Amino acid sequence: MDQKVVLDTLWVMIAGMLVFFMNAGFAMVESGFGRAKNTVNILSKNFIVFAISSLAFWALGWGLMFGNGNGFIGLEGLWGLGGADNSPATGDAYQGAYAAISWATVPLLAKFFFQLVFAGTAATIVSGAVAERIKYLTFILFSFILVAFLYPITGHWIWGGGWLAQLGFWDFAGSTTVHSVGGWAALAGVLVLGPRIGKFKGGKSYPIPGHSMPLATLGAFILWLGWFGFNPGSTMAADPSAVAHIALTTNSAAAAGILSSTIAAWLIIGKPDLSMTINGCLGGLVAITAGCAYVSVGSSIIIGLIAGVLVVFAVLGFDRLRIDDPVGALSVHLVNGVFGTLAVGLFAQSQFTPNTTGDGLFFGGGGGLLMNQIIGVATVGLFTFGASLGVWFALKAMVGIRVSPEEELEGLDIGEHGMSAYPEFAIAAEHSYEVVESQRPSAPKPGSLPGSQVAVDVEG
Amino acid sequence: MDQKVVLDTLWVMIAGMLVFFMNAGFAMVESGFGRAKNTVNILSKNFIVFAISSLAFWALGWGLMFGNGNGFIGLEGLWGLGGADNSPATGDAYQGAYAAISWATVPLLAKFFFQLVFAGTAATIVSGAVAERIKYLTFILFSFILVAFLYPITGHWIWGGGWLAQLGFWDFAGSTTVHSVGGWAALAGVLVLGPRIGKFKGGKSYPIPGHSMPLATLGAFILWLGWFGFNPGSTMAADPSAVAHIALTTNSAAAAGILSSTIAAWLIIGKPDLSMTINGCLGGLVAITAGCAYVSVGSSIIIGLIAGVLVVFAVLGFDRLRIDDPVGALSVHLVNGVFGTLAVGLFAQSQFTPNTTGDGLFFGGGGGLLMNQIIGVATVGLFTFGASLGVWFALKAMVGIRVSPEEELEGLDIGEHGMSAYPEFAIAAEHSYEVVESQRPSAPKPGSLPGSQVAVDVEG
Amino acid sequence: MDQKVVLDTLWVMIAGMLVFFMNAGFAMVESGFGRAKNTVNILSKNFIVFAISSLAFWALGWGLMFGNGNGFIGLEGLWGLGGADNSPATGDAYQGAYAAISWATVPLLAKFFFQLVFAGTAATIVSGAVAERIKYLTFILFSFILVAFLYPITGHWIWGGGWLAQLGFWDFAGSTTVHSVGGWAALAGVLVLGPRIGKFKGGKSYPIPGHSMPLATLGAFILWLGWFGFNPGSTMAADPSAVAHIALTTNSAAAAGILSSTIAAWLIIGKPDLSMTINGCLGGLVAITAGCAYVSVGSSIIIGLIAGVLVVFAVLGFDRLRIDDPVGALSVHLVNGVFGTLAVGLFAQSQFTPNTTGDGLFFGGGGGLLMNQIIGVATVGLFTFGASLGVWFALKAMVGIRVSPEEELEGLDIGEHGMSAYPEFAIAAEHSYEVVESQRPSAPKPGSLPGSQVAVDVEG
Amino acid sequence: MKRIEAVIRPHKLDEVREALMEEGFRGMTIVEVKGVGRQKGHTEVYRGSEYKIDFLPKIKLEIVVPDDRLDQAISIIVRTARTGQVGDGKIFVLPVEEVIRVRTEEVGSEAL
Amino acid sequence: MKRIEAVIRPHKLDEVREALMEEGFRGMTIVEVKGVGRQKGHTEVYRGSEYKIDFLPKIKLEIVVPDDRLDQAISIIVRTARTGQVGDGKIFVLPVEEVIRVRTEEVGSEAL
Amino acid sequence: MKRIEAVIRPHKLDEVREALMEEGFRGMTIVEVKGVGRQKGHTEVYRGSEYKIDFLPKIKLEIVVPDDRLDQAISIIVRTARTGQVGDGKIFVLPVEEVIRVRTEEVGSEAL
Ligand SMILES: Nc1ncnc2c1ncn2[C@@H]1O[C@H](COP(=O)(O)OP(=O)(O)O)[C@@H](O)[C@H]1O
Ligand SMILES: Nc1ncnc2c1ncn2[C@@H]1O[C@H](COP(=O)(O)OP(=O)(O)O)[C@@H](O)[C@H]1O
Ligand SMILES: Nc1ncnc2c1ncn2[C@@H]1O[C@H](COP(=O)(O)OP(=O)(O)O)[C@@H](O)[C@H]1O
């Protein structure tokens, strides 16, 4: 067999396994940032979501995303990976229903495995933002729809040879395709759900500390590791210099994001808040995802530095907008997914991956690339946010979206799953603290934003 | 050097490392499903068992399993991996004591490393089932005997060119060779040990909830990851289409097992019990292990769906039989090890790995393959269960098998290790709950099964 | 592209990722062995340290270590990886600033990535020993200096073609270069810091149990996994027999270290202390790191057995010397880093990696190699310990090194980070135990050692 | 002096504490307890077996007050801790013979 | 009314609770406490240092009863909590001046 | 007999216990409690929001003593628990009507 096929397949499969492991990372970060009484629910969501994604992407998602079709949607080989395909043949030798990904010199099932773990990531991003109040069944249904329909459609535009790909929109490993799509779907869910009971009261925002920092930190390390599959693996080829270059830009952005978010938190909040450091790391990773193959190591450090600061301001900003995102998923995946995609338009240098992006604005390439990136970010955002909003509202009408206030107060673990995460540990009573008035201007009034309109207010 | 040797070795070593990491997965699942007071003991067992396996398999196990010999046992190159061997030479070029595994194009030590991590898995399966009451030293001694003698003997029958291999019994990655062998050894141990104090009282089964669902869930993710080494790595060759195919059947069965066990638990128990979802995932993985290279992706989904349901019924069934398995190891590894091996006889399709299984019953190949699988399952089960029973009884007579009731009540951590897993956390008192009479028919009377005959009953 | 470059790069990158993941292992071991009130701080240190290392090694460390220069220091291509370099060209074809590592057939950035994760390991070793009392900022600054200056200088001597390399000092994967360097830097820090409040009182040593054994055990498994990147990856080439051989010596030493430390603890302390078993595993791994490519599997078992016993005595010994190392970092990395390096002089056999060490003392090679190893151990130790002592004292003078006694008593989590690791769990009050007088001779008097001279004693 | 011990619902603690402090009761001590009573426990499942947790988490608030402020304190607690559902809890009043402030050795009402 | 406070072994709680409830004592409150007494603590080891844990985990069961049921309650507890080994615990009886049910403001025995 | 309930700082427990035991008080029971009083809580931050923890961890030490040893016990506790800072805690003395040792059914001072 052709050695290149062997090498590329090995690399793609190993990288895919690392990305798969990110599910464990998300599960740990999200349960660590949640409360003990909702831990079984958070773990269950994160555990089942990849199972759902596996079946949904196999059943239909892959076909919609990579099937030959028009600029908006795949139409061939839709169901059950059933299209004709003579992979690993490439180029002119390729014959089959999935021409858009025929450039990868690996068997069809290797392509599918690698793309599947990406689809799973988009779905799992949602789970953190909607945690601690969403119905288990509703989350499962939404995940299925996201991976079977929404994610593959915008995915087709970008990676499936669709109109954005033709326009010259570049997103190497998925800042937009995966992360901001997950982020927009999450934002829609958060707005339909409203904030957790007790999060915003009387014009104040009450912190709801995560119950286990070791879990959250472990999760962050696992995600960081997984990103070495996510970005360098997106070469889908064992290209030595590309893999090494991408691993390094990825790592540098993470490191820079850690530093800048820690410093920003230290300066703004007064303490180096570990939860901000973790979000900063992930923000840097998300931000470099689009450009990891197109920018220099120096640029990756700058992108990471900006991402880390963005995360801190985004967390504080969503709080003031009364948008309740328990784990910072919006700040990490949505905000930095958008930023990272735009950063390609600024920092790309043609030399790193010739015949792709060309040079960005800061390297003499003019604003054309940036404009394409803006168009991509905007259209993908509009579509995903709009469609998700529709799906969430439909689910709300049909099966309900939020657990009862009693259940939410008691914890979803008992209500949804009938069990406790830590049945033997003494859990201290919540509350019994006062919010300290900060120097920041007071939060906007209730009702001034969609999120609070639909908020459940049990205390009132 | 021959590129194929390089590629195959890289893949085998990396896959072996993933399988090695399953030890961490078992440690987390088992300690998560145990009680806080036994956590140090469970962790210690899972940590030392791979060390024991490493030495036992090196000293003798490998030789018995792969040494040239007769249909029942290896006889050449028994001790300390000491036989002549000119690996990576293969086929006619091979000369040495380990001809049965001469088909793998990798150096001897790579073969050994990969096989070692499998032997270690069999041993670690036992630890969960016998947890919370077994003496630390007794477990160590049993593990040594299992890996030095019992596992390699049946392993020789199947993978060492022995009589089952010659018969036409197929077990690609070890549903029987590894998982059901571990399961039978565990069953024997559980029966000799008897149930934990307080598990069965007055005809009722008392639930003993695991102390940490995050640990258990993390462990399940690690195991799932490890299985991408376990199954695809069992090619022992960097074969692109086989590796991709096996990774996908493996993943699909896991996903299907998650779904079906969750649904089954939801319908039967009334709630989507996370511990059942986790067992369902692992059950699906065990069940696909034998056939991962021989069945289609569609079949793998069916196998996983069945496995998930089987796990739920098996957990409930063992409970009614008063067989006390704290972590569900029997339901996962024994029941689905058997089912998965038989499933090869049903779902195998010759096209996926030509010149092996041929077609199974459902694909027009008739019942011959199924019959071979039944013979293999039965003989391996008989041998391992019988021999293990003997070993457990011998150990019971010589060093004792079970800690004292006082020690069991106080927890094995203090008794066996003199330390606490969580010395600073306030642990809530156990008990203080009532068992709810369920609609299920009441459990059989005490004493109707071997397990309860030897049970310690302190409360009585 | 040359297939060897592809293969070597894949292997180096994957191995590097495994080593990267060791950061998670260190974080888990160290936080598990620390107290709940310091957990956020320990996690933060372990999380930020790799970010710091990434930037420090990129900015300057790499250049000092591998830049062409004299026997003591690199002088070319110092800043930001900026030297000319035509990697993956090797041998005579190589042209560039980093000739010392031009033997590796991989791109420059792959070399950098792999070396970076090693530099990060050295830095993270320090964090455990100085835990529970060091200022967060001071630790960050020290880490930067260690990775930017100290580590690369001795690294240049050994791996950068410096005077020790020319002398014939061999350290395959870094028992000295990485582990004992980390250990010496840690020892200096521990002595300047003094013991934790409450550790030594009235001539007695008070145990301060770690707060979570599951975290510590998980961490140990992750480190063990990471070592399969650390040692076999140090080939920096996909050499099948070397990789398999090294993986096996590595694993055997770990297994042997587990057994011998468990037995030693059982005999000496009376119980198989899990924390000793974990340290024994890591001790075995550190000890085999220098010689993994040079010794037989049999020798690796002997080295591991010795390492495990050494760890137990070292832990007890440091305690009697009133040197307070919460996690056993000195016993693991310093003591066994030294032992492992010397073991090369004893156990090396020329056959395994020809044209390197030659035979050691026990294999007929005479004492020359051992003498070189002694010289290397001593000079690296002197330099690193001395320089670190200077840096720690300078930092103490400029920014302070130790948190206030009040903060230490309340926990660094609130003091340094303003947050709790487990805000919902009820944490039991500390203390309320009595130290049992052991049969061991009483500890030396306070004040007889540098460590206690600078000790803070709040209780007195 | 009297000691009031009020067993209340955990999520009512904030409200009770705030009301007491507003009325000038500056010191109190709480303990996490578990209670059995008329209020039904909840059912959990684990691996197919259902079981009922009889003991429910409660907070016991202990506050020592001078005799003349006893009724006021009780009425504040009753008012703020009530939801009207079974399980709101009980208030016990116990006699206290002496109070001493450790720091100053003040005794009696001075020490509160 | 009296308050019985019984410090007992944790694993005896179930039995004591069941016996009390069978005899019609429907409400009680428990606290996890630690006790020092004649019963010896156990020894732990950590990294080679041995230490003795002096405080042993106990459950304190608090139950307020009308005067006329005091002896009955005590004898139930004594009977069910006893193992005969040192460390079985103690029962303290304290006077209670008033009981109020938060939900209904009933007082006295009515409130129990 | 009297029951002394002393709310003290957690890190003072060892000293108080040792002093009591040296003077022959062999039994006592402790509970982990949280206290509000004059002592200020500390501020934590989480994701940018600051909040003040009002309840501070304290230890409540309960010790039942014969009437004639009451003053001695109190003075030991006051002496060893004091740091001089606000928050040192309080000692409450409550009457105890009866003490029974579960194991032997001894009553009164014998049972202590
Ligand atoms: N006799 C009693 N002695 C001590 N505590 C009691 C007693 N009866 C009830 N309690 C406590 O009061 C709590 C509430 O009592 P319950 O009967 O459930 O509802 P209600 O407060 O509405 O009467 C119980 O959970 C328990 O902690
Ligand atoms: N004087 C006391 N005051 C308060 N609690 C006490 C007192 N003496 C004993 N106790 C409690 O009773 C428990 C049992 O006492 P102990 O002397 O060990 O055994 P026994 O119950 O057999 O006399 C102790 O652990 C402690 O919680
Ligand atoms: N009226 C009270 N009733 C019950 N406990 C009290 C009362 N006042 C104070 N306490 C307890 O005493 C502790 C210490 O009181 P505080 O006013 O902070 O300082 P100080 O002991 O110096 O007076 C509090 O944390 C609380 O647990």
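Source: prediction; values computed, not measured.
- C/S212 does not touch chain A: none of its heavy atoms, backbone or side chain, sits under 4.5 Å away.
- Heavy-atom distances place both the backbone and the side chain of A/W224 under 4.5 Å from chain C.
- In this structure, the separation between CD1 on C/I52 and CG on A/L259 is 4.5 Å, given to the nearest 0.5 Å.
- Within the 6.0 Å centre-distance limit, the rings of C/Y136 and A/W266 are counted as a close aromatic pair.
- Residue with the most contacts toward chain A among C/N46, C/N23, C/L215: C/N23 (heavy-atom pairs, distance under 4.5 Å).
- Using a 4.5 Å heavy-atom cutoff, the side chains of C/W58 and A/I301 are in contact.
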Let me see the working for A/L7 and C/Q3 under side-chain contact (heavy atoms from CB on, under 4.5 Å), right down to the final yes or no.
CA-CA 9 Å; A/L7 281 161; C/Q3 294 284 311; 3.0 Å; yes
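- Only the side chain of C/T39 comes within less than 4.5 Å of a heavy atom of chain A; its backbone N, CA, C and O stay farther away.
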Please test C/M419 against A/D273 for side-chain contact (heavy atoms from CB on, under 4.5 Å), starting from the C-alpha separation and ending with a verdict.
CA-CA 7 Å; C/M419 65 194 299; A/D273 181 327; 3.6 Å; yes
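- Looking only at side-chain heavy atoms (C-beta outward), A/K271 and C/E416 stay at 4.5 Å or farther from each other.
- Neither the backbone nor the side chain of A/I269 comes within contact range of chain C; no heavy atom of the residue lies under 4.5 Å from a heavy atom of that chain.
- Only the side chain of A/F425 comes within contact range of chain C, judged by heavy atoms closer than 4.5 Å.
- Contacts of A/L274 with chain C are made by both backbone and side-chain atoms, with heavy-atom separations under 4.5 Å.
- Closest heavy-atom contact between A/P209 and C/P423: CB-CG, 3.8 Å.
- C/A421 touches chain A through backbone and side chain together, each having a heavy atom under 4.5 Å away.
- Residue C/I14 touches chain A through its side chain alone, counting heavy-atom pairs closer than 4.5 Å.
- In this structure, the portion of C/L55 lying under 4.5 Å from any heavy atom of chain A is its side chain and not its backbone.
- Interatomic distance, C/I48 CD1 to A/S261 OG, rounded to the nearest 0.5 Å: 7.5 Å.
- Between the CG atom in A/D239 and the OG1 atom in C/T9 there is a gap of 9.0 Å [rounded to 0.5 Å].
- Side chains of A/M213 and C/D413 form no contact here, defined as non-hydrogen atoms less than 4.5 Å apart.
- Only the side chain of A/L248 comes within contact range of chain C, judged by heavy atoms closer than 4.5 Å.
- To the nearest 0.5 angstrom, C/F47 atom CZ is 10.5 Å from A/L218 atom CG.
- Of all the listed residues (C/S53, C/S44, C/G219, C/A110), the one sharing the greatest number of non-hydrogen pairs under 4.5 Å with chain A is C/S44.
- If you measure heavy-atom distances from A/A36 to chain C, the contacts under 4.5 Å come from both the backbone and the side chain.
- There is no contact between C/V106 and chain A, counting heavy-atom distances below 4.5 Å.
- Contact of the C/F50 side chain with the A/F221 side chain is not registered, since no non-hydrogen atoms from C-beta on lie closer than 4.5 Å.
- Minimum heavy-atom separation, C/M17 to A/L225: O-CD1, 3.6 Å.
- Side-chain contact between C/F112 and A/N251 is absent, with no heavy-atom pair separated by less than 4.5 Å.
- Residues C/F21 and A/F228 form no side-chain contact, since every pair of their non-hydrogen atoms from C-beta on lies 4.5 Å or further apart.
- The shortest distance between side-chain heavy atoms of C/L43 and A/I278 does not fall below 4.5 Å.
- Counting heavy-atom neighbours within 6.0 Å of C/W103 CH2, excluding the residue itself, gives a total above 12.
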